[in-house]
Structure formats: structure tokens, C-alpha cells
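Okay, structure first, notes after.
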There are 2 protein chains.
Amino acid sequence: MMYTLLMAKAHTGVSLDLLFRALADPTRLRLLNLIADREICVCYFVEILKTSQPKISRHLAYLRKAGIVAARREGKWMHYRLAVPRDEVAAKILRETLGHLRGKPEMQRDIARLSSVCCAPQKFVLLQGAPQPALVPTS
Amino acid sequence: MMYTLLMAKAHTGVSLDLLFRALADPTRLRLLNLIADREICVCYFVEILKTSQPKISRHLAYLRKAGIVAARREGKWMHYRLAVPRDEVAAKILRETLGHLRGKPEMQRDIARLSSVCCAPQKFVLLQGAPQPALVPTS
DNA sequence: ACATCATATCCGTCTTGACATATATGTGGG
DNA sequence: CCCACATATATGTCAAGACGGATATGATGT
């Protein structure tokens with residue numbers, strides 16, 4: 001019942017204002033920054049953003065329905081990766097936005113946290129045995 | 001009471017998700033496309049978008065408070081023009097978005113309507129004696 | 001049974017449109 | 001000059017819906 005606006009048009013491809021809607025939230029921007037060039041599973045988001053799992057899951061659902069990310073299940077784990085929108089304009093704006101995010105200190109901090117978490121996953125209860133994120137060829 | 005989130009941060013410059021919020025609406029995108037490279041007064045928006053004047057005025061207020069457009073009064077008329085955000089990242093994304101809009105058929109139709117309306121303003125009751133839009137040096 | 005993740009529900013806030021009304025400026029008459 | 005009155009634009013109010021966070025519960029795989 002929620003997010004019906006986005007859901008309604010998700011299948012037709014992302015029109016510009018829908019893309020902007022998807023980008024108009026700090027949590028989603030942080031998620032996108034982490035997803036940008038690696039396939040990564042949900043437990044890392046929970047550990048890095050330090051927010052509740054349902055909250056993250058909802059924002060990921062939002063991005064999925066907006067056609068910006070795609071998910072793949074591997075056993076217990078769900079891997080998320082970027083899904084470049086078919087719409088050329090939307091795709092370009094998304095790429096540029098991700099590029100800009102990379103320069104933001106807050107975003108760099110998230111990436112740094114990801115690195116440290118990956119180097120010592122055994123230190124984080126949530127990440128026991130979690131699959132490592134895999135870099136993805138830059139689109 | 002309305003738009004408090006935007007109002008709260010408007011003076012500090014536009015953070016990325018606030019810019020996206022401002023862009024996440026079709027009406028505002030149409031307005032921005034018309035404003036992009038000319039200073040233009042409100043009555044043209046009403047005539048071109050064919051929507052209610054309060055609706056347009058509200059969206060313009062939204063864009064104003066988001067720091068994306070600026071207004072200037074000249075007698076009865078209010079002229080709106082683009083206001084490039086101080087934040088370099090936001091400014092770049094805005095410029096690129098406007099560039100992309102230019103390619104969209106719907107937006108080109110609006111520009112076409114603007115031209116025809118400007119050539120024969122006497123045909124439109126709303127535009128009797130309204131000042132002509134003035135092109136602005138491309139930023 | 002447990003771990004990982006997704007969805008439902010509740011609640012407060014924001015957004016949006018429609019409609020009514022207020023404000024600001026210009027104009028003409030006394 | 002002051003007063004109506006028209007014009008251009010802005011704002012208040014209301015209702016409907018969307019959003020975002022928190023919490024509880026469901027689904028899926030080991």
C-alpha cells in the first residue's frame with residue numbers, strides 16, 4: 001500500500017521525477033554510494049549505517065521498485081547491485097550523482113567503514129560468515 | 001507550517017537530497033525548464049502549463065525556498081529566474097538536469113507554447129500588457 | 001530452531017491539489 | 001490625496017495521500 005506512486009510506474013522505466021524521488025533521501029543516497037561499485041549484501045548496510053534492518057530493507061525495496069538497484073539471493077543472503085535505468089537521461093544523472101557522492105566526506109566515511117568491516121568481519125556479530133562484497137566493473 | 005523541512009535548510013545552501021526533493025515533481029521540472037534560460041513572469045506559467053495560479057505559485061515558492069530560483073518584482077509582475085546553488089555539486093547536477101530536460105518532447109512543447117504565446121500575447125487574456133520574457137546569459 | 005531479510009502496521013509529518021482569501025501594485029474618480 | 005476597484009501574485013485551509021521511522025510479524029533458507 002505504501003510507495004504506490006513509485007510502484008505504479010516502476011515497470012515503465014524511470015521517468016526523471018521518479019528518479020529524483022528515489023534520490024531524495026539521505027539514507028538511500030548512502031545505500032547507493034555503497035552499492036555503486038560492488039555487489040554487497042544487506043548485513044553490511046546494517047553494520048555500516050548503524051540503523052535498523054527493517055529501515056534499510058524498506059529503502060532497498062524503494063530503490064528496487066524504482067529500478068535503480070537489483071537483488072540476487074544466495075542462500076540466506078541477499079546481494080544488491082546497481083541497476084542502470086533503461087532511460088538514458090536517468091542513467092546519466094544517476095551515474096553523475098554517484099560520482100558526486102564519492103567526493104562527499106560522509107560517503108567516504110561509509111566506504112572506509114566498509115573496508116574495515118570487511119577486513120575483520122569476525123569482529124561484527126552480524127557479519128559472521130557473511131559473503132564479502134564483490135567489486136563490479138564500473139558501468 | 002508547510003515546506004518546513006526545505007525552509008529550515010534553505011539558508012545553509014542546498015544539500016543533495018534537498019535538491020532532489022525540489023526536482024522530484026513534474027510541475028516543478030516544467031517550471032524549471034521554462035525558467036532555465038530566461039527571466040519570465042508568472043502569468044506565462046499559468047498560460048503555458050494550463051494549471052491553477054495558486055498551484056504554480058506554490059511550486060515557485062518551493063523552488064525559491066530551495067534556493068533554486070530567485071524572484072524580482074516589477075510593478076504587478078513577478079519575474080522568476082534561475083538561481084544557481086552555492087553548493088558546487090548541487091549546481092552541477094542542476095545544470096545537467098536542465099540540459100537533459102531540454103531534450104524531452106514534453107519540455108520542448110512547453111518552450112514552443114512559450115514562443116507562440118510571446119508572439120501574440122494579445123490573444124491571451126492573462127497576458128494583456130505582460131512584460132516579455134528576457135533571455136538570460138547561459139550560466 | 002536459527003539466521004537473514006522482507007513486509008505489515010501504526011503514527012506523526014510532509015506533500016499536493018483545490019478552493020478561498022489575503023497582499024501588493026496600478027488606475028481612475030472624487 | 002484618498003478611495004474604490006481591478007490585476008497579479010501569494011498564502012491559508014482543508015482533505016487525501018505519500019513518506020519515514022519504529023516495532024512486530026512473516027518468509028525463506030540452513
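Note that this is a predicted model, so its numbers are computed, not measured. So that the names make sense, note that chain A is the first sequence line, chain B the second, and so on, each numbered from 1. Below, each value reflects all heavy atoms present in this structure, side chains not excepted, and no hydrogens, waters or symmetry copies.
- Applying the 4.0 Å criterion to OP1 and OP2 of C:dT15, one finds that B:Arg28 has every side-chain N and O outside that range.
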Quiz prompt | Where protein sits on nucleotides 21-29 of chain C, one letter per nucleotide: B base, S sugar-phosphate only, - none, heavy atoms under 4.0 Å | solution = ---SBS---

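- For C:dC5, the OP1/OP2 oxygens have no side-chain nitrogen or oxygen of A:His79 closer than 4.0 Å.
- Distances shorter than 4.0 Å separate none of the side-chain N or O atoms of B:His59 from OP1 or OP2 on C:dT15.
- For C:dG17, its base never sits under 3.5 Å from the side chain of B:Arg58 at any donor and acceptor pair.
- One atom, NZ of B:Lys55, and another, P of D:dC14, lie 22 Å apart when rounded to the nearest Å.
- Phosphate contact (OP1/OP2 of C:dA6, side-chain N/O of A:Tyr80, threshold under 4.0 Å): present.
- The closest side-chain heavy-atom distance from A:Leu34 to A:Tyr44 is not below 4.5 Å.
- Looking at A:Arg21, its side chain has no donor and acceptor atom pair within 3.5 Å of the base of C:dT16.
- Judged as a side-chain contact (heavy atoms from CB on, under 4.5 Å), and not counting sequence neighbours, A:Gln108 has no contacts.
- The side-chain contact (heavy atoms from CB on, under 4.5 Å) test with B:Ile35 singles out one residue from B:Leu98, B:Ile68, B:Leu82, and that residue is B:Leu82.
- Within 4.0 Å of B:Phe45, counting heavy atoms only, lies no atom of the nucleic acid at all.
- Which of D:dA22, C:dC5, C:dA6 sits closest to the side chain of A:Ser57 comes down to C:dA6.
- The closest donor-acceptor contact from the side chain of B:Arg113 to the backbone of B:Glu47 lies under 3.5 Å.
- Looking at A:Asp37, A:Thr97, A:Asn33 one by one, the single match for side-chain hydrogen bond (donor to acceptor under 3.5 Å, both in side chains) with A:Arg102 turns out to be A:Asp37.
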